[in-house]
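Below is one structure, written out as structure tokens; the observations come after it.
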Amino acid sequence: MTGFDILRESSPEVSVGILTADLLSLGSELALLEHSGVKVVHVDVMDGSFCPMMTVGPPLIKALKTPLLKDVHLMIDEPLNKVADYVAAGADIVTIHPEACAHVHRALQQMRMMKNANNPERGLVRGIGLNPGTPLEVLEPLLNELELILILAVNPGWGGQKFITSTRGRVEKVKHMIAGSGRDMLLGVDGGVTRDNVAEVAALGVDLIVTGSAVFDGKAAEANARFMLEAVKTGVRSQ
Ligand code: DX5
Ligand code: ZN
């Protein structure tokens with residue numbers, strides 16, 4: 001089964017960001033997620049250029065020993081020549097930003113040829129991430145070359161920022177673009193998702209909800225992850 005099919009089947013799904021996890025105890029932090037029923041782990045890669053902060057690179061992705069799908073969010077300049085290293089390190093989902101990439105269409109074409117290093121049959125989910133200030137029209141020429149559109153609800157940089165409310169309207173517009181394309185794609189929201197708004201975000205009808213600091217709050221990661229999963233599933237049922 002491909003990563004895309006797994007995500008399509010269990011939509012809506014939660015992808016938990018590890019930016020605020022205890023990086024020195026990442027093995028046990030991941031085990032908490034696995035026990036909670038989470039299926040996807042989100043790794044924010046920041047390069048100190050496209051993003052003010054620097055985080056992690058391919059060696060850490062490779063070091064994540066987990067059955068969770070690895071959702072790698074590349075907030076880095078010119079990912080074209082770097083993306084292969086992240087795929088070789090075991091990314092199942094790779095999201096790049098058109099704001100950071102002169103040849104975004106070419107990068108997506110190249111990603112289509114790459115093999116999933118965990119399991120070649122799983123394929124690669126190719127994502128495009130869009131900052132809150134980026135016009136949605138940038139997606140149009142890319143719709144035949146991607147499997148995931150990730151709408152950022154915060155500006156790239158840090159965990160724990162506030163959800164930007166105009167994200168809701170952007171999600172609605174992207175849903176129409178996807179419907180008009182005639183292709184099946186996943187739609188995700190990343191940033192500012194908390195216990196208070198997670199059900200509301202799920203009710204927008206998205207497939208992948210990224211949440212970081214609301215789960216890894218330094219206290220009760222497993223219970224937080226269970227709460228998020230439950231809220232996501234319930235939020236959709238109540239529509
Ligand atoms: C923003 C990142 C997000 C963010 C999520 O730069 O792409 O993944 O860290 O963290 P929270 O859930 O704390 O907003
Ligand atoms: Zn992210």
Side-chain angles (χ1 to χ4, degrees), residues 7 12-23 26 29 32-33 36 38 40-57 60-61 64 68-77 79 83 86 91-101 125-134 146 148-168 170-171 186-202 204 206-221 224-229 231-232:
L7 292 167
E13 198 49 77
V14 173
S15 179
V16 177
I18 55 168
L19 214 54
T20 58
D22 180 354
L23 295 185
L26 214 40
E29 299 282 63
L32 294 179
L33 295 186
S36 73
V38 164
V40 192
V41 59
H42 184 88
V43 185
D44 285 308
V45 178
M46 305 182 186
D47 63 353
S49 175
F50 183 66
C51 274
M53 192 161 71
M54 286 180 88
T55 57
V56 300
L60 186 118
I61 313 284
L64 298 176
L68 302 175
L69 290 177
K70 296 181 188 178
D71 171 19
V72 177
H73 184 188
L74 294 181
M75 289 171 285
I76 61 175
D77 278 328
V83 67
Y86 289 91
D92 295 289
I93 305 169
V94 180
T95 297
I96 59 173
H97 274 259
E99 304 92 341
C101 188
V125 174
R126 299 169 296 168
I128 286 291
L130 286 190
N131 289 345
T134 302
L146 52 80
L148 166 70
I149 297 169
L150 188 66
I151 301 296
L152 267 69
V154 299
N155 284 295
W158 297 272
Q161 300 182 78
K162 200 170 173 332
F163 187 92
I164 296 171
T165 54
S166 58
T167 305
R168 295 192 193 99
R170 286 167 66 75
V171 165
L186 301 163
L187 178 55
V189 170
D190 181 8
V193 178
T194 64
R195 279 178 172 249
D196 290 339
N197 66 6
V198 60
E200 192 192 329
V201 174
L204 294 172
V206 295
D207 304 297
L208 195 65
I209 295 174
V210 180
T211 177
S213 57
V215 170
F216 286 113
D217 63 350
K219 291 178 221 152
N224 291 337
R226 282 185 201 279
F227 179 93
M228 291 308 218
L229 274 175
V232 159

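Each ligand, and each atom within it, is numbered from 1 in the order the structure gives. Positions are given from 1, in the same order as the sequence printed here.
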**Message:** Do D71 and S15 pair up side chain to side chain, a donor and an acceptor below 3.5 Å, judged on atom types alone?
**Reply:** yes
**Fill in**
Here the N/O/S atom of D44 closest to the Zn ion (ligand 2) would be OD1
**Message:** Pairs of nitrogen or oxygen atoms closer than 3.5 Å, one from D190 and one from ligand 1: do any exist?
**Reply:** yes
**Prompt:** Among protein heavy atoms, which lies nearest atom 10 (O) of ligand 1, and at what distance?
**Reply:** G159 CA, 3.8 Å
**Item:** Note, V40 side chain near D92 side chain (heavy atom, < 4.5 Å)
**Value:** no
**Item:** Expected output: side-chain T211 to main-chain V193 donor-acceptor under 3.5 Å
**Value:** yes
**Prompt:** Nearest protein heavy-atom contact for atom 9 (O) of ligand 1: which residue, which atom, what distance?
**Reply:** D44 OD2, 3.3 Å
**Message:** Tell me if a side-chain donor or acceptor on N224 pairs with a main-chain N or O of K219 at a distance below 3.5 Å.
**Reply:** no
**Prompt:** If you count the atoms of ligand 1 from 1 in the order shown, which ones are under 4.0 Å from a heavy atom of H42?
**Reply:** 8 (O)
**Request:** Provide the number and element of each atom of ligand 1 under 4.0 Å from a heavy atom of L19.
**Result:** 9 (O)
**Request:** Indicate yes or no: does an N/O atom of V193 lie under 3.5 Å from an N/O atom of ligand 1?
**Result:** no
**Prompt:** Taking the non-hydrogen atoms of G192, is any one of them nearer than 4.0 angstrom to ligand 1?
**Reply:** yes
**Request:** Keeping the roles fixed (side chain from Q161, backbone from V154), state whether a donor-acceptor pair exists under 3.5 Å.
**Result:** no
**Item:** Name, closest N/O/S atom of H73 to the Zn ion (ligand 2)
**Value:** ND1
**Asked** S213 to ligand 1: N or O pair under 3.5 Å?
**Response** yes
**Prompt:** Taking D217 for the side chain and A214 for the main chain, is one N or O donor matched with an acceptor at less than 3.5 Å?
**Reply:** no
**Asked** What do you reckon, is CE of M54 surrounded by more than 12 foreign heavy atoms closer than 6.0 Å?
**Response** no
**Prompt:** Considering only protein heavy atoms, which is closest to atom 1 (C) of ligand 1, and at what distance to one decimal place?
**Reply:** V154 CG2, 3.9 Å
**Message:** Looking only at protein heavy atoms, which one is nearest to atom 11 (P) of ligand 1, and what is the separation?
**Reply:** G160 N, 3.7 Å
**Fill in**
Looking at D190, the N, O or S atom sitting nearest the Zn ion (ligand 2) is OD2
**Complete:** The atoms of ligand 1 lying under 4.0 Å from a heavy atom of G191, numbered in the order shown, are 14 (O)
**Contact with ligand 1 for G157, non-hydrogen, under 4.0 angstrom** = yes
**Asked** H97 vs F50 aromatic rings, parallel, tilted or perpendicular, using cut-offs 30° and 60°?
**Response** tilted
**Fill in**
Between the CG atom in L204 and the OG1 atom in T167, the distance rounded to the nearest 0.5 Å is 9.0 Å
**Item:** Heavy-atom nearest neighbour in the protein, as seen from atom 12 (O) of ligand 1, with distance rounded to 0.1 Å
**Value:** G212 N, 2.7 Å
**Side chain D207, main chain L187, donor-acceptor under 3.5 Å** = yes
**Message:** Need the ligand 1 atom indices (1-based, order shown) with element for anything under 4.0 Å from a heavy-atom of M46.
**Reply:** 6 (O)
